[in-house]
Amino acid sequence: MEKNKLKKFNSRAFISVGRFTSGLILPISGIMNHKLQFEPLTVARHFYMAIHNMSAALFVIFIVIHLSYNWVSLMKYSRKIGDIIISKEALAAVLLVICIVGIFSMHVFHIS
């Protein structure tokens, strides 16, 4: 019978899951901040602001660590990017997202 050896702590997996989790929390807390934006500083509004701010800080930290772990791979990929041709589908998707976000955000400039 073999003894179960403890696996070494996988810091890459930890960083990936932390990045994903903090990135997942950001839009949820952002939506709640948007919903509560005209409220006075209530406990709920302060709570979602704190969640959003800390999630954003953690997300940035995890991204920086992720970039440092994968720097060599990213540099190899960036050298090859000149050989990649952007497909019609990718270009159409990017333009569609930019148009929808642009149109949706224009309500800010509505003068009453």
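Start at 1 with the first residue, then count along the sequence. Note that the structure is a prediction, hence the values are computed from the model and not measured.
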Asker: Taking CZ in Phe62 as the centre, count heavy atoms belonging to other residues, nucleotides or ligands within less than 6.0 Å. Is the count above 12?
Answerer: yes
Asker: May I ask whether Ile28 and Val17 are part of the same hydrophobic cluster, defined by side-chain heavy atoms of I, L, V, M, F, W, Y residues being less than 4.5 angstrom apart, directly or through others?
Answerer: no
Asker: To check you understand the geometry: which heavy-atom pair defines the closest contact between Ser55 and Ser22, and what is its length?
Answerer: O-CB, 3.7 Å
Asker: Taking all non-hydrogen atoms of both residues into account, name the closest pair between Tyr48 and Leu36 and its distance.
Answerer: CD1-CD1, 3.8 Å
Asker: Rounded to the nearest 0.5 Å, how far does NE2 of His66 lie from CD1 of Ile15?
Answerer: 10.0 Å
Asker: Can you name the closest pair of heavy atoms from Ser87 and Ala90 and give their distance?
Answerer: OG-N, 3.1 Å
Asker: Out of curiosity, does Met54 fall in the hydrophobic cluster containing Ile61 (side-chain heavy atoms, cut-off under 4.5 Å, transitive links)?
Answerer: yes
Asker: Quick one: do Tyr69 and Ile63 end up in the same hydrophobic cluster if we chain Ile, Leu, Val, Met, Phe, Trp and Tyr together by side-chain heavy atoms under 4.5 Å apart?
Answerer: no
Asker: Are Met32 and Ile25 connected in the hydrophobic side-chain network, where two residues link if heavy atoms are under 4.5 Å apart?
Answerer: yes
Asker: Could you check whether any side-chain N or O of Ser16 sits under 3.5 Å from a backbone N or O of Ala13, counting only pairs where one atom can act as donor and the other as acceptor?
Answerer: no
Asker: On a heavy-atom basis, which atom in Ser105 and which in Gly102 lie closest, and how many Å separate them?
Answerer: OG-O, 3.1 Å
Asker: Verify the neighbour count for atom CZ of Phe9: are there more than 12 heavy atoms of other residues, nucleotides or ligands below 6.0 Å?
Answerer: yes
Asker: Once you round to the nearest 0.5 Å, how far does OG1 of Thr21 lie from CZ of Phe59?
Answerer: 11.0 Å
Asker: Looking at Leu96, I'd like to know if its CG atom is crowded, meaning that more than 12 non-hydrogen atoms belonging to other residues, nucleotides or ligands lie closer than 6.0 Å.
Answerer: yes
Asker: Same cluster or not: Ile31 versus Met49, using hydrophobic residues (I, L, V, M, F, W, Y) connected whenever any side-chain heavy atoms lie under 4.5 Å apart?
Answerer: no
Asker: Does Asn33 reach the side chain of Gln37, with side-chain heavy atoms less than 4.5 Å apart?
Answerer: no
Asker: Locate the shortest heavy-atom distance separating His52 from Gly30; write the atom from each residue and the value.
Answerer: ND1-N, 3.4 Å
Asker: For Ser29 versus Ile51, what's the shortest heavy-atom pair and its separation?
Answerer: CB-CG2, 3.8 Å
Asker: Taking Arg45 for the side chain and Glu39 for the main chain, is one N or O donor matched with an acceptor at less than 3.5 Å?
Answerer: yes
